[in-house]
Amino acid sequence: MMSDFYAGILVDWQLEGVKFALGPTIATTRTRLNGFGGYPELENRPADDLLVGRLIAEQGYEVVLLRYAIETCFATTDRSRDLLHKRLRWIVVMRHMRRGDISVCC
């Protein structure tokens with residue numbers, strides 16, 4: 001996580017500004033969620049947390065990141081295949097989350 005996930009977030013922040021959200025830290029209002037149709041609009045779409053931030057930013061609202069890290073625990077697996085699948089899925093999601101590609105991904 002520290003070697004690529006957070007580094008990617010910092011790079012994206014510098015290139016485009018904060019136009020994404022991160023699952024464990026999302027705090028917003030019902031008005032902003034309703035502005036894009038709410039969570040039902042994102043059901044079964046990859047990277048729904050990132051999309052929440054993107055869709056709120058597209059409404060003209062400012063999205064900000066916390067200035068401190070939230071500690072999270074992830075389920076681990078002993079199976080290399082499971083880890084590879086998770087990493088490949090993340091790479092595909094990140095590729096399609098680039099500006100303009102959101103409709104391709106979701």
Seminar exercise, completed: Tightest non-hydrogen contact, residues Trp13 and Phe20, listed as N-CE2, 4.4 Å
For this session: Please answer: with hydrophobic residues joined when any side-chain heavy atoms are less than 4.5 Å apart, are Leu50 and Tyr39 in the same cluster?
Result: yes
For this session: State which residues pass side chain to side chain contact (heavy atoms under 4.5 Å, CB included) with Leu66; sequence neighbours excluded, sorted by chain then number.
Result: Thr25, Tyr68, Ile70
Problem set entry | Any side-chain heavy-atom pair of Lys19 and Val63 under 4.5 Å | no
Exercise. Which value, rounded to the nearest 0.5 Å, describes the distance between Arg32 atom CZ and Leu55 atom CG?
Worked result: 14.0 Å
Problem set entry | Leu42 side chain near Asp49 side chain, heavy-atom distance below 4.5 Å | no
For this session: Any chance you could measure His85, atom NE2, to Leu88, atom CG, to the nearest 0.5 Å?
Result: 8.0 Å
Seminar exercise, completed: For Gln59, the side chain to side chain contact (heavy atoms under 4.5 Å, CB included) test, sequence neighbours excluded, returns Phe36, Ile56, Tyr61
For this session: For Thr31, enumerate each residue passing the side chain to side chain donor-acceptor pair (under 3.5 Å) test, keeping only those at least two apart in sequence or located in another chain.
Result: none
For this session: Indicate yes or no: at least one non-hydrogen side-chain atom of Arg54 is less than 4.5 angstrom from one of Glu58.
Result: yes
For this session: Could you tell me which non-hydrogen atom of Ile26 sits nearest to which non-hydrogen atom of Ala21, and how far apart they are?
Result: CG1-CB, 3.7 Å
